[in-house]
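Report on the following structure.
Given the structure is predicted, the values throughout are model-derived calculations rather than measurements. Here is how names work: the chains are called A, B, and so on, in the same order as the sequence lines, proteins then strands, and each is numbered from 1.
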Number of protein chains: 2
Amino acid sequence: MKSDESPKATSVRTFELMWGVREQSSRGPKQGLTIEAIVRTAIELADAEGLTALSMRKVAERLGVGAMTLYTYVPGKDELIALMIDAVMSERPDRRDAEGDWRARLELVARDGWDLCHRHMWLVDVGSERNLVGPGQMDAYESELSAIAGIGLTPTEMVSVISLVTGFVGGAVRGAVQVIQEERRTGLTRDQWWEQIAPVFDKYIAYERYPTVMSTGEAESHADGPKEAFEFGLARVLDGIEVLIRSRR
Amino acid sequence: MKSDESPKATSVRTFELMWGVREQSSRGPKQGLTIEAIVRTAIELADAEGLTALSMRKVAERLGVGAMTLYTYVPGKDELIALMIDAVMSERPDRRDAEGDWRARLELVARDGWDLCHRHMWLVDVGSERNLVGPGQMDAYESELSAIAGIGLTPTEMVSVISLVTGFVGGAVRGAVQVIQEERRTGLTRDQWWEQIAPVFDKYIAYERYPTVMSTGEAESHADGPKEAFEFGLARVLDGIEVLIRSRR
DNA sequence: ATTCTCTCCGTACGGTGTACGAAATGATAT
DNA sequence: ATATCATTTCGTACACCGTACGGAGAGAAT
């Protein structure tokens, strides 16, 4: 990012990039790339290798340009990641006019979020320093809030309900993606991995200290997959929301 | 990490570090540090500057040793982070014998998780590649499962309920910590930040495309803080679990 | 034809994790 | 007492990272 640019100026610039309003200059050579091509290439790289492996040099190499060329288009790496996030959020279906009751509609947007994070698993590795909202996220938010419009909740409750559902999805997805990434990294399923490690664990862990863990331990190895755990959790969350809604009638 | 060490050997070594079973050697000079001192210093650094600012050189500098000295004690940076996580998890109170009904006990462990993440906000920036469980995490898990022991859930349901609660806490905490870190970074409250940025938003965003967002927009600015949103969400989650439990009686 | 603005990007800087091997320490064996 | 062996410490080096700076060239405006 330009060293003489203030954080606010950088945010404004990033915001304009997100909302697609930067105009082409009339002087100088024409740009050989587009911000969309850069973002798409970065997404492909992150999909293939993970967010920690993403670098400006690698993105530039894939595009056949110098690394410093990218800085003509984006202020810096953090802004590129922000653009990536918003771009993938744009993949989410528009659910403003979804049919069914509030519960069916919330299930829909929750599963949209789950599916998106499985298509782009690097989303769980995004750091906590993201502050700008692009059209992709705004559209998703409109879909989410629309799912519970007109059912008797106050605006504050609506915001809280959506925070609850998206927070739950985020947590569930993180656990699920962790398992998938682990299996890819080790080349072993979770069971195979634990089988290898178990002799070491048995040697050192005082299992009598963990009676409840041990008594559910087999459950964990037989447990349904992450998707089933997600659906189980989602049903509970929605049951809880239903209790709130019923209390308003 | 030792280049000739297999991933399994590294995991075994890290596991032994976590469970505190590595023995001192009888030959050569005595070690000048302990793994505990290294982990504690790393935690302090992460607390002060965030996980992205944590580096082996900075930890070593704080300890007054060479960066390469740390590699005598830990295989690498990723393993150090794993040890950090387990160390802070050990701060969580032991809730095995918590009083009250299942709901009160789940609230307790959920708030323990919330409080821990606010004491060590870098926990939300931990990547997804963590696979070893230390005593800190095992103890926390035993506390969590104990909260819902003996209330009629199957072992699989118990595991799923705890996944739900911890997943929800993780998602909620992430949102809350994001706000806090943002305010620290910009030196502005969220409202002040949006006030600065609003003219730009007003200039570009077609608000008519987001009627539901707009109608709750004021709610979001007046909304209770992250803690209230957390408690709201927790109540809903527990309501949902209660529905499940009641269906078993 | 000249000036101005922009694009591209090489170079350089300061930072990162960590492999390798040397020097010193200190226990063990002779 | 000396030699050998194992360990600790850590400097150096390597490959990688993000990005500041400024130069060369392209192309529009004057």
* Rounded to the nearest 0.5 Å, how far apart are CH2 of Trp122(B) and CD1 of Ile43(B)? -> 5.5 Å

* Asked: Once you round to the nearest 0.5 Å, how far does CG of Asp86(B) lie from CD1 of Ile81(B)?
  -> 14.0 Å

Measure from the side chain of [X], starting at C-beta and using heavy atoms only, and say which of [options] lies closest.
{"X": "Met68(A)", "options": "dC10(D), dT7(D), dT19(D)", "value": "dT19(D)"}
{"X": "Gln31(B)", "options": "dT8(D), dG18(D), dC10(D)", "value": "dT8(D)"}
{"X": "Thr72(B)", "options": "dA28(D), dT28(C), dT8(D)", "value": "dT8(D)"}
{"X": "Ser55(A)", "options": "dT8(D), dT19(D), dC17(D)", "value": "dC17(D)"}
{"X": "Arg57(A)", "options": "dA12(C), dT28(C), dG27(D)", "value": "dA12(C)"}
{"X": "Tyr73(B)", "options": "dT19(D), dT9(D), dT16(C)", "value": "dT9(D)"}
{"X": "Met56(A)", "options": "dT18(C), dG18(D), dA29(D)", "value": "dG18(D)"}

Does [N] have its OP1 or OP2 closer than 4.0 Å to a side-chain nitrogen or oxygen of [X]?
{"X": "Ser26(B)", "N": "dA27(C)", "value": "no"}
{"X": "Lys30(B)", "N": "dA27(C)", "value": "yes"}
{"X": "Ser25(A)", "N": "dT5(C)", "value": "no"}

Nearest-Å distance for atom pair [atom1]/[atom2], residues [X] and [N]:
{"X": "Leu54(B)", "N": "dT16(C)", "atom1": "CG", "atom2": "P", "result": "10 Å"}
{"X": "Glu61(B)", "N": "dG11(D)", "atom1": "CD", "atom2": "P", "result": "12 Å"}
{"X": "Leu45(A)", "N": "dC17(D)", "atom1": "CG", "atom2": "P", "result": "10 Å"}
{"X": "Tyr71(B)", "N": "dG21(C)", "atom1": "OH", "atom2": "C1'", "result": "17 Å"}
{"X": "Leu80(A)", "N": "dG18(D)", "atom1": "CG", "atom2": "P", "result": "10 Å"}
{"X": "Asp78(A)", "N": "dC17(D)", "atom1": "CG", "atom2": "P", "result": "16 Å"}
{"X": "Lys77(B)", "N": "dC17(D)", "atom1": "NZ", "atom2": "P", "result": "15 Å"}
{"X": "Ile35(B)", "N": "dT8(D)", "atom1": "CD1", "atom2": "C1'", "result": "15 Å"}

* With heavy atoms under 4.0 Å as the rule, sort Gly66(B) into base, sugar-phosphate or nothing. =>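 Sugar-phosphate contact only - Gly66(B) comes under 4.0 Å of backbone atoms but never of a base.
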
* To do: Please figure out whether Gly64(A) or Gly28(B) has its closest DNA chain C nucleotide nearer the 5' end.
  =>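 Looking at the nearest nucleotide for each, Gly64(A) comes out on the 5' side.
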
* Asked: Side chains of Gln181(A) and Ser128(B): donor-acceptor distance under 3.5 Å anywhere?
  -> yes

* Would the Phe168(B) and Phe230(B) ring centres measure less than 6.0 Å apart? ->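 Yes; Phe230(B) has its ring centre under 6.0 Å from that of Phe168(B).
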
* To do: Report the C-alpha separation of Trp19(A) and Tyr204(B) in whole Å, then their side-chain angles, then the decisive distance to 0.1 Å, and conclude whether the ring pair (Phe, Tyr, Trp, His ring centres under 6.0 Å) test is met.
  => CA-CA 7 Å; Trp19(A) 291 88; Tyr204(B) 290 122; 8.9 Å; no

